Structures are given as C-alpha cells and as structure tokens.
Amino acid sequence: MAVGLFDSGLGGLTVLDAVARRLPDTPLVYFGDNANTPYGVRTADDIYELTTKGVQILFDQGCDLVILACNTASAAALRRMQEGWVPEGKRVLGVFVPLIEALTERKWGDNSPPRPVAVETVALFATPATVSSRAFQRELAFRAIGVDVEAQPCAGVVDAIEMGDMILADALVRSHVEALMRRMPKPQAAILGCTHYPLVEEVFREALGPGVAVYSQPDLVAEALADYLGRHPDKVGHGVKSRFLTSGDPKSVSNKATQFLRRRIEFEAAE
Ligand code: DGN
C-alpha cells in the first residue's frame, strides 16, 4: 500500500519531492491529470468530476490515503468528496489546511473557536479558481480572527511553468505581486497557494521584498503528513516502489517532469 498524490499536472511534484525527502521509506503513487491540465480556469463541477476520477485511479492502485497536492482541486472538490464520495476505509486530504495551520499556529483537529493571531495582513497568491472559491478565506476565518486577506488570482503562471517558459512565469509573478501590492502595500505574510509556485518562490520573495514572511506548501504538507502517519500507522505503506502515472503522454510528461524536478522521473500511462 502506498500514499497517493494527485495533481492536475506537474505542480504536485513539488509536494511529492518534499514528502519523499521527509518520509524516504514511504512508497508514493503520483497521478498527474496532464491531459486535462490546467484546472485553474475550469468550473467547480468540472474540477470535481476530474478530481474524483483521478483519485479513483489512486484508490485502484491500492492507496488508502490520497493527498490532493493541488489547491485548485482542494478548494473546489475536497469538501464535497469528503462529505459524500470517499468510500469507507479511504481518506482524502488537501494541501491548504497545513499552510493555514502554520500561519495560525494551530494543529489539525483543533476545533476551538477562532482566535486572534500575530499576523494581521496576508497576501494570497493562487489560481483564479482557488481565489474565486474563497476556500482559503473560509478556512482562515474558521481558525483566526482579525486577519485581512488580499487575494491575487495569478492567471497564466501555471501555464507558463507547465510550458517550461520560466521567463514568462517570472514576468507574470512580478506583475501579479505588483498588482496585489497596489491594494495591500505591506502584507506581513504571503501565502503561495498553488503547488506550482515553489518553482518560482525566489521570484515571489524578491518581488515581495524583505519583511514579508512567505509560506510555501511542500515542506509544511510533508511535515503534516509525517504527523498524520505517526498517528495513523495503518495508513503507512511498505515494500512497494514509488510510481508515477499520467493521463497524458508518458514520454513528454516524463521529459517535462525531469526538467521540473531536475532528476529523472519516468511516468507510465494510467489505465
Ligand atoms: N498546482 C495547482 C494548484 O495547486 O492549484 C494548479 C494547477 C492548475 O491546473 N491550475
């Protein structure tokens, strides 16, 4: 049994990499829905349909625990899946709660009433679908009071990264940061709410300037998963090799993924 990681494309590999470093003995199965990427411009219903299909592929591979390593899918589909779709004995978790927990210094399952936190102004950068879902704002309001969130839909950044055009990605990130800072000149913290963005994290940091605490997902998710598996040893996998599946063309996805992570990754076609 392995832990499953789902993403609409390649972005979730940033999370997979951090998980593989933090939990080197845990077998992982990654599914990238490269044939249907990007999700960030799709409707919530569309994202729900595609996400359940992808997660089912990971369940069929024997994964009992699947992480949606995609904020767009977590925002649009996770709650609906948890409420009516996930079968008995299986678990699906998202990626933005660990981030918000780090920001609010709370622990998973802490259902005490919202309380004031040290950070008062937060800049959120994410895909248009994640921003318009307001899922981050809802989760934050559930845990913290008095936090002012200014969200920037970062159109085009995922596509530029998926195409490997880092010059375009860099320029887009700078213009999105500038646009947000015209509305919130000095945020205390910035959330990178898309699993593709760690690949342009340095550009975000530079454009935001000093004094802004940047919260990025991969290490926070890996730490939250290690904590979860420590409490649920039945979900820990043993003895199988990690695998990479895609709905796209395995050869071109393998080449892009290898560029993306700077190590050789071999994808197989998902059945
Ligand atoms: N990496 C995805 C996320 O975290 O939202 C975005 C991918 C996409 O399809 N837009």
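First listed ligand is number 1; within each ligand, the first listed atom is number 1. This structure is a prediction, so every number in the text was calculated from the model and none was measured. For reference, positions follow the sequence shown, starting with 1.
- Taking the side chain to side chain donor-acceptor pair (under 3.5 Å) definition, one finds that T246 meets it with N34, sequence neighbours left out.
- For F125 and F204, the ring centers sit closer than 6.0 Å to each other.
- In summary, the side chains of T72 and T127 do present a donor paired with an acceptor at a separation below 3.5 Å, with no hydrogens or angles considered.
- Residue-level contacts of ligand 1 at the 4.0 Å heavy-atom threshold are D7, S8, T37, P38, Y39, G40, C70, N71, T72, T127, V158, C194, T195, H196.
- Taking Ile, Leu, Val, Met, Phe, Trp and Tyr as members and joining any whose side-chain heavy atoms lie under 4.5 Å apart, directly or through other members, F142 forms no hydrophobic cluster with any other residue.
- Counting side-chain heavy-atom gaps under 4.5 Å among Ile, Leu, Val, Met, Phe, Trp and Tyr, the cluster of L50 also holds F6, V29, F31, Y39, I47, Y48, V55, I57, L58, F59, V66, L68, L78, M81, W85, V86, V92, L245.
- A donor-acceptor pair is defined here as one N or O able to donate and one able to accept, closer than 3.5 Å; no such pair exists between the side chain of R143 and the backbone of V97.
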